Amino acid sequence: MAETAQKILIPETFQGGPGVGYDIASQIGLMWELIKAPLIVPLLRIGVYICLAMSLMLFMERVYMGIVIVLVKLFWPKPEKRYNYEPIQDDVELGSSNFPVVLIQIPMFNEREVYKVSIGAACGLSWPSDRLVIQVLDDSTDPVIKQMVETECQRWASKGINIRYQIRETRGGYKAGALKEGLKRSYVKHCEFVAIFDADFRPEPDYLRRAIPYLTRNPDIALVQGRWRFVNSDECLLTRMQEMSLDYHFTVEQEVGSATHAFFGFNGTAGVWRIAAINEAGGWKDRTTVEDMDLAVRASLRGWKFVYLGDLQVKSELPSTFNAFRFQQHRWSCGPANLFRKMVMEIVRNKKVKFWKKVYVIYSFFFVRKIIAHMVTFTFYCVVLPLTILVPEVKVPIWGAVYIPSVITILNSVGTPRSIHLLFYWILFENVMSMHRTKATLIGLLEAGRVNEWVVTEKLGDIVKNNAAAAAIAKKTPFKLFKKPGFKFGARYILSLKILSFCSCTYYIYWSLVLECSSSYVDAMILFMAKTTTLFTYSFKPLPSSSVDLAMLAPSYQAHDLSSSKLLFIIIIIIIYIYIL
């Protein structure tokens, strides 16, 4: 009885036996045909509709910001004209009394390579020394690095700089905890403003003289944010890709928010805060991994305004290793989603902010940019579109597959014109990273296990330049018979291989769909890729089937005799997804 039931439910080719081999490809293809019409087609069609809706939301957001930034550049008055701005002049009679007391906070954690740069830049600011307090907040766990940072602070203190070295017993609250603890010190009580610089940031000497007048002359302004400039953007392809994404953020997103609603997300560094605004907003909180954005939203809900200065640039460093970049992106994607979950109702119920500003903060700032942008990139371009190759019954309109992505991509490239020739690689890079960002976004929305994971971004400082100089010197040394190979197969090369292997799979399928290639051409291309990537080296022989079920499906299955290879190729893509993780 059991054998009869087994034969009814499972075709003979799935059972094996004497004289019957295993044709895995054919079996997978048969299973695919059985479940495709009743299950896969409806689900995939729903997925296409949802993804098209998200694409339209992102498209309209990008077009809106594109139009606004053009109007801002052409017709909007400059910040010094929109606000009451007058530089603080040196006065011989008054001395330094007309300069407000400013606190500089430099949070650190095991910053062996960059601590001297940031401390030196802060001590070199053009501001009266008796009106400046520099606070180095060192949470380092390495005693050697602690001693090095403390010695550097003592060296500058011996030159007459008012610099304080502060440590804590524990790292509670991470960066937010350190900044909050720093504001509690007694010598900070007379400070009116606080400028924050991460350990790898190097402000120019005139930074405070250009930023502080906006705060002294406009009592409703809480924050003046400067723009990041990257000293190592040309170090490798990874840093060039990051520069393209961040330049769009600063050139368009921050500028539009500042010009239209006097609101944008504080970037956590290279900004000057009014301490009274920080206190009124509730101070620093460590409930998410984006304490900077958290403070900015709370301050904005209390009516404070922000100013972004695109020409106030501060040099900084981009993560040049994949692990450092991946952890940073997890924090930047998970934190905003988690903050949105915690604050959305507070924003809705707030009565101090105008209705349209609420719409901007909830829909544009949070929902589209921080959630939809990550999810649509991954689900639509990396999952749904490739799957529609397997299911010809599901159609994707040409405007959703080509026109909208093209416009979004072009608009994203305006921030870095010098890298326009790298746009294709940037598309591949962003699609690969979209999986990590989508996963982090879901973790933030659901408050899963890694929601408060904080890994400090590794900074290499001048170590790369030093290595390059050492390599140049090595080239001038006499020839040696046995030389150590100069090429190192490190993390950056592995990253490149991951990107190329993944994108070669998904984008061949994607553009096959876009160009509406014939089925035979697509199948030949898929088989060719499977061979060239050496991911599958086994050949499967077609086997005859005596099963009644298989015989009934024979006409349709023969019409799609290569669909099993497509399915195997999708499995390859899934394996590569897991490998990239």
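Everything numeric here is computed off the predicted structure, so don't read it as measured data.
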*Are any of the side-chain heavy atoms of S333 and H436 separated by less than 4.5 Å?*
no

*asked:* Among residues at least two apart in sequence or on other chains, which ones pass side chain to side chain donor-acceptor pair (under 3.5 Å) with Q329?
replied: R437

*Would you mind listing every salt bridge (charged side-chain N to carboxylate O under 4.0 Å, His left out) that reaches into residues 46-70, with sequence neighbours excluded?*
E61-R369

*Between the main-chain N or O of Q254 and the side-chain N or O of S258, is there a donor-acceptor pair closer than 3.5 Å?*
no

*Apply side chain to side chain donor-acceptor pair (under 3.5 Å) to D198 and list each qualifying residue two or more places apart in sequence or on a separate chain.*
K175

*Just by distance, do the side chain of K358 and the backbone of N350 share a donor-acceptor pair under 3.5 Å?*
yes

*Just by distance, do the side chain of E253 and the backbone of L246 share a donor-acceptor pair under 3.5 Å?*
no

*Distance only, no hydrogens: is a donor on one side chain within 3.5 Å (strictly under) of an acceptor on the other, for E430 and N412?*
no

*Would you say I50 and M375 make side-chain contact, with heavy atoms under 4.5 Å?*
no

*Between the side chain of N232 and the main-chain N/O of L318, is any donor-acceptor distance below 3.5 Å?*
yes

*For residues P392 and K36, report the shortest heavy-atom separation together with the two atoms involved.*
CD-NZ, 4.5 Å

*Once the angle between the rings of Y360 and F263 is folded into 0 to 90°, is it parallel (under 30°), tilted (30 to 60°) or perpendicular (over 60°)?*
perpendicular

*Between NE2 of H249 and CH2 of W332, what distance do you get to the nearest 0.5 Å?*
8.0 Å

*Measure the spacing between CZ of F365 and CZ of F340 and express it to the nearest 0.5 Å.*
11.5 Å

_Y403, OH: over 12 other non-hydrogen atoms inside 6.0 angstrom_ = no

*Below 4.5 Å, heavy atoms only, C-beta onward: do K439 and R450 meet side chain to side chain?*
yes

*Would you mind reporting whether V72 and V256 have side-chain heavy atoms less than 4.5 Å apart?*
no

_Would you say that more than 12 heavy atoms from the other residues, nucleotides or ligands in this model lie under 6.0 Å from the CZ of F367, or not?_
no

*Could you check L301 against M343 for side chain to side chain contact (heavy atoms under 4.5 Å, CB included), going step by step and ending with a plain yes or no?*
CA-CA 11 Å; L301 293 180; M343 292 202 66; 3.8 Å; yes

*asked:* Could you report the tightest heavy-atom contact between G400 and L52, atom names first, then the distance?
replied: CA-CD2, 3.7 Å

_Spacing of CH2 belonging to W426 relative to OH belonging to Y248, to within rounding of 0.5 Å_ = 9.0 Å

*How many angstroms lie between CH2 in W304 and CG in L295, if you round to the nearest 0.5 Å?*
11.5 Å

*Show the numbers, then the answer: is there a side chain to side chain contact (heavy atoms under 4.5 Å, CB included) between V344 and F366?*
CA-CA 9 Å; V344 60; F366 272 117; over 6 Å; no

*asked:* R298: which residues meet the side chain to side chain donor-acceptor pair (under 3.5 Å) condition with it, sequence neighbours left out?
replied: D294

*Quick one: OG on S406 to CG on L411, what's the gap to the nearest 0.5 Å?*
10.5 Å

*Can you see which heavy atom on T269 is nearest to which on F197, and at what distance?*
OG1-CA, 3.3 Å

*Close side-chain approach of C51 to Y381, heavy-atom, < 4.5 Å*: no

*Can you name the one residue among I371, V451, N338 that meets side chain to side chain contact (heavy atoms under 4.5 Å, CB included) with L445?*
I371

_Atom pair CE (M60) and OG (S55), whose distance is rounded to the nearest 0.5 Å_ = 10.5 Å

*Does any pair with a residue in residues 68-80 pass salt bridge (charged side-chain N to carboxylate O under 4.0 Å, His left out), and if so which ones, sequence neighbours excluded?*
K73-E255

*Applying side chain to side chain donor-acceptor pair (under 3.5 Å), name anything that partners D292, two or more places apart in sequence or on another chain.*
none

*V394 versus V48, closest heavy-atom pair with distance*: CG1-CG2, 3.7 Å

*Judged by atom type as modelled, is there a donor-acceptor pair below 3.5 Å linking the side chain of D247 to the main-chain atoms of T416?*
no

*Using the side chain to side chain contact (heavy atoms under 4.5 Å, CB included) rule, take T289 and E453 through it: C-alpha gap first, then chi angles, then the decisive distance, then the call.*
CA-CA 7 Å; T289 57; E453 180 185 69; 5.9 Å; no

_Could you walk me through whether F325 and T239 satisfy the side chain to side chain contact (heavy atoms under 4.5 Å, CB included) test, starting with their C-alpha distance in whole Å, then the side-chain angles of each, then the deciding distance to 0.1 Å, before giving a yes or no?_
CA-CA 9 Å; F325 176 68; T239 55; over 6 Å; no

_Which heavy atom of V407 sits nearest to which heavy atom of F59, and what is that distance?_
CG1-CE1, 3.5 Å

*asked:* Are I196 and F201 packed together at the side-chain level, in the sense that at least one heavy-atom pair is separated by less than 4.5 angstrom?
replied: no

_Pairwise side-chain contact, T377 with M433, heavy-atom cut-off 4.5 Å (strictly under)_ = no

*How close do S413 and I420 get, heavy atom to heavy atom, and via which atoms?*
OG-CD1, 3.6 Å

*Is there a donor-acceptor pair closer than 3.5 Å between any side-chain N or O of S316 and the backbone N or O of F230?*
no

*Any donor-acceptor N/O pair, T438 side chain to M435 backbone, under 3.5 Å*: no

*asked:* Is any side-chain heavy atom of F378 closer than 4.5 Å to one of H374?
replied: no

_Between R240 and S419, do the side chains contain a donor N or O and an acceptor N or O under 3.5 Å apart?_
yes

*Checking Y308 side chain against R227 main chain: does a donor-acceptor pair fall under 3.5 Å?*
no

*Are the side chain of Q225 and the backbone N or O of A270 linked by a donor-acceptor pair below 3.5 Å?*
yes

